[in-house]
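Data block below; observations after.
Order of the sequence lines fixes the chain letters, A, B, ..., with proteins taken first and strands second; residue numbering starts at 1 for each chain.
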Amino acid sequence: MIGFVGRRLFQGLVTVLGVAVFVFVLLHLSGDPALVMSSPDATPAQIEQLRTSMGLDQPLYLQLAIYLKSIFLGDLHQSLRFNRPVVDLIAERLPNTIELTVAAMVLAVVVAIPAGVIAAIRRNSLFDRIMVAGAMAGQAIPIFWLGLVLILIFGVKLKILPVYGQGGLDHLILPAITLATIVIGRLTRMVRSSMLEVLNQDFVRTARAKGLSETRVLVLHGLRNASMPIITLLGLQLAQLLGGAVVTESVFAWPGVGSLVVEAVFNRDFPVVQGVTLVVSTIFVVVNMLVDISYVALDPRVRLES
Amino acid sequence: MKDRNQEQSMVAPAGTSRRAALRSGLALIGGSLANAKFAAFAQPAKTADRQDSLTIAMPGNPETLDPHQFRSVLTASVLGCCLETLLGRDPDTMEIRPLLATSYRNIDTHTWEFKLRKGVKFHDGTDFNADVVKFSIERIINSPLNTLGKTVWPPSFGQRVEIIDPYTVHIVTDTPDPLVPNRLAAESLNMASPKALANYKDKFVGDSIIGTGPYKFVEYDVGRHVIFEANPDYWGDKPATRKLIWEIIPDPATRVAALQRGTIDVVTNLPFPMLDSIEQSPNLQLYSRLGSSIHAILLNTLQTPALKDKRVRQALNYAVDRKAILKNLYRDHGQLLNTPVAKQVEYSIDPAPYTYQPDKARALLAEAGFKDKLELTLWQSTGRYELGVEAVQAIAGYFEDVGVTTNLQLLEWGEFNAKAGRSQLKDGLYYAFVNGIWDPDYVLQRFLPTYPTFRYYHASGDLKDNLEKYSQTFPKDERAKLAAVCQQELHDEAVWVFLYQLDENFGLKKKVKGFKMRPDHLIIARDAYIEV
């Protein structure tokens with residue numbers, strides 16, 4: 001087990017470094033931030049002066065080496081736009097994104113797993129059809145539209161929930177529902193199909209024949225065996241949302257990393273884009289590693305292979 | 001600097017006493033100012049009948065908190081709550097008014113004297129005096145920082161500050177500059193505390209604003225808000241509301257929803273399609289004011305052979321039904337533009353417009369030898385101008401209608417702006433200028449062959465002479481005449497496809513009073529309050 005985790009950690013480190021180099025090169029190929037930050041009336045000498053002050057006049061390999069070295073020292077440089085350390089900006093925003101993501105994921109799990117299980121048990125019933133249609137709709141609804149409709153109904157008409165921003169639990173409800181909707185759609189369908197596959201297996205029939213209660217059969221034998229693809233999907237969704245739910249954050253003026261990175265991309269704020277990408281890719285790697293470890297915990301066959 | 005000196009020698013009227021002419025003009029300027037009674041901008045605040053705070057929603061973070069780094073007028077509006085310039089402008093008439101300078105006069109063509117207000121302190125306790133003026137102008141003009149002030153007042157003027165006494169400075173320029181007061185009234189020339197910026201002479205500030213203004217900086221939470229509180233020690237009239245909050249809400253629909261709900265008092269950057277939702281709401285009011293941003297298609301007459309022909313350029317002007325675009329896209333919230341100078345700017349003229357005459361456009365194209373032969377590429381940026389892509393699509397349609405094959409190209413704003421400034425876009429590009437010094441010179445200069453950026457049309461002959469002369473002329477009446485001649489000629493030359501000026505729209509609660517946008521788009525928040 002320790003060897004397995006060690007190997008995954010090493011692979012993760014290589015992945016993160018690869019991402020850092022890739023993003024660095026891509027960004028520097030995308031254009032000159034000195035030009036974006038200069039007035040169109042700026043003279044070439046003024047632009048060159050700005051380029052020098054930002055260290056952009058150095059050869060690309062040298063800039064990359066300096067950047068990689070600073071990563072290891074925990075320094076993600078200064079934001080070109082905000083004149084503040086990127087680490088501080090991310091540290092301010094990431095907890096907000098985590099708050100929203102966790103709320104959305106909890107909501108999605110609480111709704112989608114029972115809905116998927118019941119739909120699988122009552123296959124082809126009216127409930128099943130409604131669940132399947134609802135799941136499809138959840139995936140198909142444009143997220144910005146859903147967010148605005150929720151704002152208009154609960155924020156403007158009924159005046160029972162805040163329209164925007166981050167604050168107490170009430171501020172979390174509408175963005176979490178908006179963000180959870182798409183995950184609920186995907187997760188319900190995944191739970192339903194996985195359960196359908198498992199419920200037809202011999203070991204389930206055996207469990208029933210042993211006289212176990214239906215709840216035990218479904219939870220211990222059904223859901224546990226169906227959980228691998230569900231956990232994979234949950235892990236991917238979690239990592240994706242932690243990278244910033246750009247549209248939801250924008251609609252609800254939620255100050256997360258998604259809106260930070262979008263603004264940074266438009267302003268060619270290279271250090272912020274690089275810093276956020278690095279943090280997000282690290283989160284992706286860590287979440288995936290946890291998912292892999294959970295396989296080992298859940299499935300003895302994986303444990304033997306590893 | 002060398003170029004400007006050469007220009008000066010070229011425009012000096014042969015055989016006349018230029019000094020005498022200048023003196024008479026300066027006397028006019030000085031006289032009008034010396035007699036002016038300098039009232040402050042706002043009425044004293046009464047707090048019993050008004051709410052304690054005012055919340056304004058804007059679409060994005062301020063670009064910076066640095067007094068000299070910003071580019072956008074929205075950031076200037078936010079920082080303007082805390083920061084002040086030597087001179088200000090009346091929010092309605094745009095007349096120059098005293099602010100941190102109580103008076104000024106022109107001593108000679110190279111020297112302006114400014115008397116400074118006494119008893120003014122920065123929010124960090126630093127005294128405002130001549131040292132501050134010298135420090136601020138040197139930071140803006142002479143430091144390696146990329147400041148907007150360098151655009152508004154290019155270092156090539158050779159400007160410097162000479163301290164005469166603690167409350168008198170002389171601004172000396174190597175090149176005669178009749179527009180020194182205009183430049184010192186621009187927000188990019190904010191006065192800044194030397195103590196607060198002791199470690200920031202060569203780098204930008206990131207976390208606080210120290211000014212002399214009516215509001216004190218309280219907090220900037222990136223992605224959430226900027227908060228100000230009234231400065232109890234302000235030298236002038238107190239602001240109308242004690243606490244001012246600039247909330248950051250990126251989505252326009254959410255901004256309007258927050259206004260409808262009542263959590264926001266003022267919404268900036270109101271999109272045209274949302275005007276109805278404000279107008280139809282009984283508790284809200286629409287604040288619309290004509291902006292001075294001049295929208296046009298800049299024609300690359302230097303690189304596109306067909307566009308060297310005046311008839312072709314005129315044809316393109318006659319081809320576009322600007323009234324229809326204004327009505328259908330912008331709900332008639334705008335006015336036609338007929339010269340490169342906005343209507344509200346001093347010395348602007350309004351010549352007979354190029355009306356929509358497609359037959360005349362076809363005839364002019366045929367006369368120039370381009371009947372159904374001309375192919376043009378039109379560039380537009382994304383994410384900058386509201387409905388700008390739709391507008392340029394309509395314009396391309398009008399061009400096609402008179403037989404000009406038109407290819408549309410879209411570029412992300414940053415890339416577009418950089419290329420536009422470096423004169424790399426041909427054959428035409430959609431652009432809008434805001435006049436940074438509130439004088440025709442800001443735009444007219446761009447038609448001179450010596451201008452380093454936006455090189456799309458080079459004036460020659462009389463037009464060039466007049467443009468150069470205008471930059472160096474001090475007497476107001478002469479400036480007015482020259483400006484009129486230059487504008488008329490640029491209009492007749494059809495140097496651009498002149499489009500329009502658009503209204504800037506804001507959504508306000510009905511109870512909001514005193515809110516204003518200056519014609520140069522600066523939001524004047526200090527006089528706004530909510531009536532209880």
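Inter-residue side-chain proximity for B:Arg224 and A:Asn96 is flagged as met; some heavy-atom pair is nearer than 4.5 Å. Within the 4.5 Å cutoff, the side chain of A:Tyr164 has heavy atoms near those of the B:Ile264 side chain. Between A:Arg93 and B:Val222, some side-chain heavy-atom pair lies under the 4.5 Å cut-off.
Each of A:Gln166, A:Arg84, A:Lys159 has some count of heavy-atom pairs under 4.5 Å with chain B, and the biggest count is that of A:Lys159. The candidate from B:Gly262, B:Ala258, B:Gly383 with the greatest count of non-hydrogen atom pairs under 4.5 Å with chain A is B:Ala258.
With B:Thr254 contributing its side chain and A:Val251 its backbone, the two residues share a donor-acceptor pair below 3.5 Å.
Applying the ring-ring contact (aromatic ring centres under 6.0 Å, His included) criterion to B:Tyr430, with sequence neighbours excluded, gives B:His295, B:Tyr385. Residues satisfying the ring-ring contact (aromatic ring centres under 6.0 Å, His included) criterion with A:His77, sequence neighbours excluded, are A:Tyr67.
By a heavy-atom distance cut of under 4.5 Å, A:Leu89, A:Glu92 are the residues of residues 85-92 of chain A near chain B, going up by number. Within residues 58-65 of chain B, the residues that have a heavy atom under 4.5 Å from a heavy atom of chain A are B:Asn61, B:Pro62, B:Glu63, B:Thr64, listed by number.
With rounding to the nearest 0.5 Å, the separation of CD in B:Gln260 from CG in A:Leu152 is 7.0 Å.
With a 4.5 angstrom heavy-atom cutoff, B:Ile249 touches chain A via backbone and side-chain atoms both.
A pairwise comparison of heavy atoms in B:Ala253 and A:Leu148 identifies CB-CD2, 3.6 Å as the closest pair. In terms of heavy-atom proximity, B:Ile248 sits nearest to A:Ala253 at O-CB, 3.7 Å.
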